[in-house]
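Encoded as structure tokens, the structure appears first; notes follow it.
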Amino acid sequence: MSATDHRPAAGVLLLCRAEPDRVRPSAQFLGTPVLLAPAGEEWSVLVPGADSWRDEGEELSMLTTDWVHVLTGGESWPVVGLWWEGAEAGFVVAAAFRRTVSHTWRADGTPQPGAEEAMTALRARLGLDPVLDGAALDRLTAPDPDLDAPARALGLVAVLARAGLHLGTGLAPGTDADELREAAAALPATETVEWPGWREALRAGLDESERGALGAWSRGPKARVRGAAEIAAGVSVALCARRAGRRGWTAAGWALAADGVLTLAYDRWRGRM
């Protein structure tokens with residue numbers, strides 16, 4: 001912030017329990033440029049690249065919720081969206097299609113109703129230790145005049161650190177958004193992720209899916225062998241079943257042949273992208 005900027009410090013950290021390569025395709029759909037960096041083993045951190053919420057007057061808690069929904073849509077890994085603005089702070093946690101849970105700490109750190117439920121959901125979504133981590137999370141919901149909202153947000157980061165999260169220097173709750181971006185940009189392996197257009201976003205998503213265990217059977221030499229084999233077997237089954245008057249097997253044969261055709265068509269289409 002400049003010397004004449006008296007806005008309260010505000011910022012967002014999107015903590016993803018997945019490697020950057022897995023996070024990148026979803027991050028493209030956030031609608032705003034973000035900085036993506038590794039944050040420990042099987043963790044990544046996203047830092048928004050623009051103060052869009054300040055320009056639009058949108059509540060930071062709601063904007064964080066929207067971003068978390070985008071990141072977890074159709075993904076199995078969980079995301080914790082940690083936000084703070086002035087003397088308030090809070091978090092949002094989501095994983096796949098499970099119910100999104102959020103919580104806000106008041107300025108003095110006093111938890112609002114539903115704190116225990118939110119911490120229980122956080123522990124379950126992230127697979128945290130129910131005893132050690134559970135006790136630490138419980139302390140973040142207990143009355144303590146020495147723990148204000150930013151301090152409790154820092155406490156949450158400390159709990160996640162025991163699960164492998166490692167934020168780089170300067171990435172901490174209470175830091176203003178401008179300073180967060182500067183700190184994230186200075187980290188090794190940080191990259192900027194933004195909307196590349198539908199064609200490139202589709203290509204990135206397909207590339208990621210094809211890196212999986214079954215990717216070799218959806219594109220490439222194995223896929224072409226599989227497609228040809230399905231067509232040959234499907235047509236043979238369908239013709240034999242038709243002569244025998246077995247409609248069920250006839251339909252199954254044509255379905256298998258159709259799958260083979262689609263496999264070959266997909267392989268050819270991907271080769272032209």
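Treat the numbers as computed from the prediction; the structure is a model and nothing was measured.
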For [Y], is there any backbone N or O sitting under 3.5 Å from a side-chain donor or acceptor partner on [X]?
| X | Y | value |
| --- | --- | --- |
| Asp176 | Glu179 | no |
| Thr72 | Val68 | yes |
| Thr190 | Ala186 | no |
| Arg152 | Leu147 | yes |

Heavy-atom closest pair, residues [X] and [Y]:
| X | Y | answer |
| --- | --- | --- |
| Ser61 | Val92 | O-CG2, 4.4 Å |
| Ser26 | Val70 | O-CG1, 4.1 Å |
| Pro48 | Trp67 | CG-CZ3, 3.4 Å |
| Trp43 | Pro20 | O-CD, 4.5 Å |
| Pro78 | Arg125 | CG-O, 3.7 Å |
| Val47 | Ala184 | CG2-CB, 3.9 Å |

Could you tell me whether the side chain of [Y] reaches within less than 4.5 Å of the side chain of [X], counting heavy atoms only?
| X | Y | answer |
| --- | --- | --- |
| Leu36 | Ser44 | yes |
| Cys16 | Leu46 | yes |
| Thr100 | Val93 | no |
| Leu60 | Val12 | yes |
| Trp254 | Val235 | yes |

Results of side-chain hydrogen bond (donor to acceptor under 3.5 Å, both in side chains) for [X] - residues two or more places apart only:
| X | value |
| --- | --- |
| His166 | none |
| Trp77 | Glu75 |
| Arg123 | none |

> For Thr104 and Trp83, what are the C-alpha separation, side-chain angles and deciding distance, and is it a side chain to side chain contact (heavy atoms under 4.5 Å, CB included)?
Replying inline: CA-CA 9 Å; Thr104 299; Trp83 65 268; 3.5 Å; yes
> Does the side chain to side chain contact (heavy atoms under 4.5 Å, CB included) test come out yes or no for Glu19 and Val23, once each step is laid out?
Replying inline: CA-CA 6 Å; Glu19 298 289 347; Val23 174; over 6 Å; no
> Considering residues at least two apart in sequence or located in another chain, which fulfil the side-chain contact (heavy atoms from CB on, under 4.5 Å) criterion with Ala153?
Replying inline: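 Applying side-chain contact (heavy atoms from CB on, under 4.5 Å) to Ala153 gives Leu82, Ala89, Trp105, Pro173.
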> Taking only residues two or more places apart in sequence, or in another chain, which ones meet Leu167 in a side-chain contact (heavy atoms from CB on, under 4.5 Å)?
Replying inline: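 Leu167: side-chain contact (heavy atoms from CB on, under 4.5 Å) contacts with Leu13, Leu15, Ala39, Val45, Val157, Leu165, Leu171.
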Would you give the length of the straight line joining atom [atom1] of [X] to atom [atom2] of [Y], rounded to the nearest 0.5 angstrom?
| X | Y | atom1 | atom2 | value |
| --- | --- | --- | --- | --- |
| Glu42 | Arg17 | CD | CZ | 7.5 Å |
| Ser76 | Arg22 | OG | CZ | 5.0 Å |
| Glu85 | Leu63 | CD | CG | 10.5 Å |

> So does Glu191 have more than 12 non-hydrogen atoms from other groups sitting under 6.0 Å from CD?
Replying inline: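 Count over threshold, so yes.
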>> Evaluate Thr192 against Leu35 for side chain to side chain contact (heavy atoms under 4.5 Å, CB included), listing each step before the verdict.
In response: CA-CA 5 Å; Thr192 300; Leu35 297 174; 3.4 Å; yes
>> Do Ile231 and Leu239 land in one hydrophobic cluster if side-chain heavy atoms of ILVMFWY residues count as linked below 4.5 Å?
In response: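 They do share one cluster, since a chain of ILVMFWY contacts under 4.5 Å joins Ile231 to Leu239.
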>> Grouping I, L, V, M, F, W and Y whenever their side-chain heavy atoms are under 4.5 Å apart, do Phe91 and Leu154 come out in a common cluster?
In response: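 No, separate clusters.
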Which donor-acceptor pairs under 3.5 Å do the side chains of residues 126-139 make with protein atoms, sequence neighbours left out?
| from | atom 1 | to | atom 2 | distance (Å) |
| --- | --- | --- | --- | --- |
| Asp129 | OD1 | Val131 | N | 2.8 |
| Asp129 | OD1 | Leu132 | N | 2.8 |
| Asp133 | OD1 | Arg162 | NE | 3.2 |
| Asp133 | OD1 | Arg162 | NH2 | 3.2 |
| Asp133 | OD2 | Asp129 | N | 2.9 |

> Given Thr64 and Asp66, is the side chain to side chain contact (heavy atoms under 4.5 Å, CB included) satisfied, shown in steps?
Replying inline: CA-CA 5 Å; Thr64 303; Asp66 291 342; over 6 Å; no
